[in-house]
Amino acid sequence: MKRLSVLLVCFATLAMTSCSLFNAAASSNSVAKASGQSCGSAVQGLYGAYRSSGNIDLTNATNLNNALALATSYANLKQNKDNPEYRQAFTSGLIASSAGLITSANASAFVDKLLASSGLANINSQNIAQTASTAVAIVNLLKVIKQ
């Protein structure tokens with residue numbers, strides 16, 4: 001009877017540990033996908049502004065908000081760059097929310113370029129408009145999209 005109790009406790013512990021690991025992985029993937037979706041929406045807005053005016057005006061509130069969303073997504077991706085599951089979920093969200101600008105054909109190149117964008121590092125709502133490299137980094141990123 002004692003052995004049965006010990007076995008049941010071990011089984012319950014193993015089951016709870018497995019469930020928490022699966023929940024952590026699922027939670028991480030949903031966070032990555034949400035970050036990718038935010039990035040895709042921001043890219044869509046910035047690309048529209050770039051196509052219509054030929055530049056990124058960071059005094060425009062909409063462009064500023066999109067640039068901040070892009071910078072936040074960049075920071076999240078940079079923190080998890082060595083996690084292939086995170087990158088895959090991020091890319092999935094990016095493709096889903098970019099209104100066809102980012103496709104499976106150019107998504108990998110876009111994500112690589114995003115990770116290499118040094119102009120998006122250390123950007124926050126107080127310094128984004130004053131950071132000259134921000135607009136340049138965004139324009140260079142948007143050049144990956146050919147439409």
Side-chain angles (χ1 to χ4, degrees), residues 8-147:
L8 286 175
V9 169
C10 288
F11 179 72
T13 303
L14 181 62
M16 290 187 330
T17 304
S18 297
C19 288
S20 67
L21 288 175
F22 285 125
N23 285 340
S27 174
S28 173
N29 286 344
S30 63
V31 168
K33 187 168 186 174
S35 183
Q37 288 171 331
S38 175
C39 183
S41 296
V43 166
Q44 180 187 7
L46 290 167
Y47 190 76
Y50 178 68
R51 293 266 318 213
S52 67
S53 67
N55 63 21
I56 300 295
D57 177 12
L58 291 178
T59 60
N60 176 302
T62 302
N63 290 345
L64 192 59
N65 285 334
N66 284 331
L68 284 171
L70 181 63
T72 301
S73 296
Y74 161 80
N76 293 337
L77 181 61
K78 193 85 164 175
Q79 287 176 349
N80 295 285
K81 68 181 179 183
D82 296 326
N83 182 341
E85 290 87 15
Y86 187 95
R87 186 173 174 143
Q88 183 178 11
F90 181 92
T91 303
S92 172
L94 179 66
I95 292 169
S97 66
S98 66
L101 291 174
I102 312 265
T103 63
S104 30
N106 67 2
S108 181
F110 184 86
V111 170
D112 289 342
K113 187 75 167 184
L114 179 60
L115 283 169
S117 297
S118 62
L120 297 175
N122 302 317
I123 291 174
N124 59 50
S125 58
Q126 284 78 38
N127 70 2
I128 191 168
Q130 292 80 31
T131 306
S133 61
T134 303
V136 172
I138 293 170
V139 169
N140 287 335
L141 185 61
L142 295 176
K143 288 181 181 179
V144 173
I145 304 168
K146 304 228 191 272
Q147 281 196 345

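Nothing fancy with the numbering, it's 1 onward along the sequence.
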Contact summary for Gly100 and Thr103, nearest pair of heavy atoms:
O-CG2, 3.5 Å
Kindly compute the distance separating CD1 (Ile145) from CZ (Arg51), expressed to the nearest 0.5 Å.
10.5 Å
dist Leu46:CG -> Thr62:OG1 (nearest 0.5 Å) comes out at 10.0 Å
Atom CG in Leu120, atom CG in Leu68: separation rounded to 0.5 Å?
10.5 Å
Show the numbers, then the answer: is there a side-chain contact (heavy atoms from CB on, under 4.5 Å) between Val139 and Lys143?
CA-CA 6 Å; Val139 169; Lys143 288 181 181 179; 3.7 Å; yes
Contact summary for Ala69 and Ala42, nearest pair of heavy atoms:
CB-CB, 3.9 Å
Using a 3.5 Å distance criterion without hydrogens, assess whether the side chain of Asn63 forms a donor-acceptor pair with backbone atoms of Asp57.
yes
Value rounded to 0.5 Å, distance of CG in Leu77 from OG1 in Thr91:
7.5 Å
Give the C-alpha distance, both sets of side-chain angles, the deciding distance and a yes or no for side-chain contact (heavy atoms from CB on, under 4.5 Å) between Ile138 and Leu141.
CA-CA 5 Å; Ile138 293 170; Leu141 185 61; 5.5 Å; no
List in chain and number order the residues that pass side-chain hydrogen bond (donor to acceptor under 3.5 Å, both in side chains) with Ser53, two or more places apart in sequence or in another chain; answer none if no residue qualifies.
Asn55
To the nearest 0.5 Å, what is the distance between CG on Asn65 and CG on Leu70?
12.5 Å
Go through Asn80 and Phe90 one step at a time and tell me if the side-chain contact (heavy atoms from CB on, under 4.5 Å) criterion holds.
CA-CA 10 Å; Asn80 295 285; Phe90 181 92; over 6 Å; no
Main chain of Gln88, side chain of Ser92: is a donor-acceptor contact present, judged purely on distance under 3.5 Å?
no
Rounded to the nearest 0.5 Å, what separates atom CD in Gln44 from atom CG in Leu94?
11.0 Å
Applying side-chain contact (heavy atoms from CB on, under 4.5 Å) between Asn76 and each of Ser38, Ser35, Cys39, report the one that passes.
Ser35
Going by the rule salt bridge (Lys or Arg N to Asp or Glu O under 4.0 Å), which residues pair with Asp112 if we only count those two or more places apart in sequence or in a different chain?
Arg87
Looking at Lys81 and Leu115, what are the two nearest heavy atoms and their distance?
CB-CD2, 4.1 Å
